[in-house]
Protein chains: 2
Amino acid sequence: MRIGELAKATGTKAETIRYYEREGILPAADRTDSNYRDYSDNHLAALTFVRRARQLGFSMAQVRELLDLSDRADKPCQEVDELVHEQLEEVEQRIVDLLSLRDELRLLLRSCQANRIDECRIVGSLARPLGRVTR
Amino acid sequence: MRIGELAKATGTKAETIRYYEREGILPAADRTDSNYRDYSDNHLAALTFVRRARQLGFSMAQVRELLDLSDRADKPCQEVDELVHEQLEEVEQRIVDLLSLRDELRLLLRSCQANRIDECRIVGSLARPLGRVTR
DNA sequence: TATGCACCTTGTAGCAACTACAAGGTCAAG
DNA sequence: CTTGACCTTGTAGTTGCTACAAGGTGCATA
């Protein structure tokens, strides 16, 4: 299959696929006589793997690790487990951070009672460091 | 005060402060005889404002808008309100996204029962598109 | 046969918001 | 008078793409 077809099949832009190849994330494809990339089903599987891992929030470096690990069929999968664990913890931390961000923004919204900007507590609140929004 | 002092006072790196100046987010400072930047309390207030807005997740473009608005003391603060609202909605969306990411990662972790990578469901799950992790 | 159009190629530059140098100037203390 | 901490400018790197530009290919249609 050509790059456009693979792109459509995986919901990836052709440019991104070429980028992955440059970065060594995907193996280079065969070429047709006219120098077009010619992909196999293995490429389709690999790209699906990569995209899914990226959607799950893994970094490119982590995806590389996952790819390396998934080639070692005989090894224990403890390392894969650890990578997923790490990622889960990061995501959980980001959630905690965003929740407190959300609370701050809600407070900020409630603090605007005035009509004019110079009386607006939002603008005033921004001029103070974080954590002292209330009063 | 010099740039290092301002940096310490606001928890910003000196390089970031110079970057803000280049970007027009902060007004240029006066210079000493030896060409060092010399900051006033107004700069301290402005930088605090900027950093706080950034910590709240506002983009540089939004910070610019907020700064412009906060200068128009006589205007109604409806626009400020709208910006905060927008940002709140974005944060809430990011939270929703991350929550479902977290669930996916948890499922993935539970799916690893095997010991060898070629029997590990995690690796297998990654090879399938999102949304079909379970079974 | 020509020509239009969708597709492909490479290479380079841009995005956000910094961060990290390098190479050199300034200033106070010892 | 030298050491060290600070400052200056300028440039390049980070992450993960995305967007061109300039040109080649392949196929259907006039």
Side-chain angles (χ1 to χ4, degrees), chain A residues 1-26 28-40 43 46-67 86-87 90-91 94 97 101, chain B residues 1-26 28-40 43 46-67 83 86-87 90-91 94 97 101 130:
Chain A
M1 68 202 318
R2 297 196 305 191
I3 199 168
E5 230 177 313
L6 181 62
K8 204 170 279 178
T10 58
T12 314
K13 303 206 169 176
E15 278 146 327
T16 305
I17 298 174
R18 284 189 282 258
Y19 165 72
Y20 286 158
E21 184 184 310
R22 271 203 308 285
E23 293 296 306
I25 286 277
L26 285 185
D30 290 346
R31 295 299 178 120
T32 67
D33 291 349
S34 52
N35 199 32
Y36 288 5
R37 286 174 180 80
D38 188 21
Y39 291 99
S40 68
H43 282 102
L47 181 53
T48 304
F49 185 105
V50 170
R51 292 306 281 179
R52 174 143 165 70
R54 295 283 304 121
Q55 279 163 28
L56 287 169
F58 291 95
S59 68
M60 296 284 276
Q62 286 173 320
V63 172
R64 256 179 258 267
E65 286 187 70
L66 285 170
L67 285 168
E86 262 176 47
Q87 177 56 16
E90 244 177 66
V91 167
R94 286 220 295 278
D97 291 348
L101 210 60
Chain B
M1 68 201 320
R2 296 195 306 188
I3 199 168
E5 231 177 314
L6 180 61
K8 203 169 279 178
T10 58
T12 314
K13 302 204 172 178
E15 279 145 327
T16 304
I17 297 173
R18 285 189 281 257
Y19 165 73
Y20 285 159
E21 183 185 310
R22 272 203 307 283
E23 293 296 305
I25 287 276
L26 284 185
D30 289 346
R31 296 297 179 122
T32 66
D33 290 348
S34 52
N35 200 31
Y36 288 5
R37 286 175 180 80
D38 187 22
Y39 291 99
S40 68
H43 282 103
L47 181 53
T48 304
F49 185 104
V50 170
R51 291 307 281 178
R52 174 144 165 70
R54 294 284 304 121
Q55 280 162 29
L56 287 170
F58 290 94
S59 68
M60 296 283 276
Q62 286 174 320
V63 172
R64 256 178 257 267
E65 286 187 70
L66 285 170
L67 285 169
L83 272 175
E86 262 174 49
Q87 177 56 15
E90 245 176 67
V91 166
R94 286 219 296 277
D97 292 347
L101 210 60
L130 265 176

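Nothing here was measured: the structure is a model prediction, and the numbers come from that model. Letters A, B, ... mirror the listed sequences (proteins, then strands); counts begin at 1. What's counted below: heavy atoms across the whole structure, side chains too, no hydrogens, waters or symmetry copies.
- Taking atom CD of A/Glu5 as the reference point, atom P of D/dG26 lies 15 Å away to the nearest angstrom.
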field: side-chain contact (heavy atoms from CB on, under 4.5 Å) between A/Glu23 and A/Arg64, worked out
entry: CA-CA 10 Å; A/Glu23 293 296 306; A/Arg64 256 179 258 267; 3.9 Å; yes
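- For A/Glu23 against D/dC17, no side-chain N or O and base N or O form a donor-acceptor pair under 3.5 Å.
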Steps toward side-chain contact (heavy atoms from CB on, under 4.5 Å) verdict (B/Gln87, B/Leu83): CA-CA 6 Å; B/Gln87 177 56 15; B/Leu83 272 175; over 6 Å; no
- request: Kindly indicate, with the supporting measurements, whether the criterion side-chain contact (heavy atoms from CB on, under 4.5 Å) is fulfilled by A/Tyr39 and A/Leu47.
  value: CA-CA 11 Å; A/Tyr39 291 99; A/Leu47 181 53; over 6 Å; no
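- Look at A/Tyr19 and you won't find any side-chain N or O under 4.0 angstrom from OP1 or OP2 of D/dT15.
- To the nearest angstrom, P of D/dC17 lies 11 Å from CG of A/Leu47.
- Toward the 5′ end of DNA chain C lies the nearest nucleotide of B/Ser59, the other residue of the pair B/Lys13 and B/Ser59 mapping further downstream.
- Summarising the geometry, atom CG belonging to A/Leu67 is positioned 10.0 Å from atom CE belonging to A/Met60; distances are rounded to the nearest 0.5 Å.
- Under 4.0 angstrom from either OP1 or OP2 of D/dC6 there lies no side-chain N or O belonging to B/Arg2.
- A sub-4.0 Å separation between OP1 or OP2 of C/dA17 and a side-chain N or O of B/Tyr20 is absent.
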Residue pair A/Arg94, B/Arg94: steps toward the side-chain contact (heavy atoms from CB on, under 4.5 Å) verdict: CA-CA 10 Å; A/Arg94 286 220 295 278; B/Arg94 286 219 296 277; over 6 Å; no
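- Using a 4.0 Å heavy-atom distance criterion, A/Arg54 is classed as a sugar-phosphate-only contact.
- Remark: A/Arg51 CZ to A/Ile25 CD1 distance equals 11.0 Å, nearest 0.5 Å.
- Rounded to a whole Å, the CD atom of B/Glu21 is 14 Å from the C1' atom of D/dG10.
- Proximity of residues 28-40 of chain A to DNA chain D (heavy atom under 4.0 angstrom from any strand atom) is restricted to A/Ser34, A/Tyr36.
- Within the 4.0 Å cut-off from OP1 or OP2 of C/dT10, not a single side-chain nitrogen or oxygen of A/Arg18 is found.
- One can place CD of A/Glu15 at 12 Å from P of D/dA21, the figure rounded to the nearest angstrom.
- Judged purely by atom type and a 3.5 angstrom limit, A/Arg2 has no side-chain atom pairing as donor or acceptor with the backbone of A/Leu6.
- Between A/Ile17 atom CD1 and D/dT18 atom C1' there is a gap of 14 Å when expressed in whole angstrom units.
- Between B/Gln62 atom CD and C/dA16 atom P there is a gap of 12 Å when expressed in whole angstrom units.
- Across the interface with DNA chain D, nearest-nucleotide mapping of A/Arg22 and B/Lys8 shows B/Lys8 to be the residue nearer the 5′ end.
- Rounding to whole angstrom units, CD1 of residue A/Ile25 and C1' of D/dT15 are separated by 12 Å.
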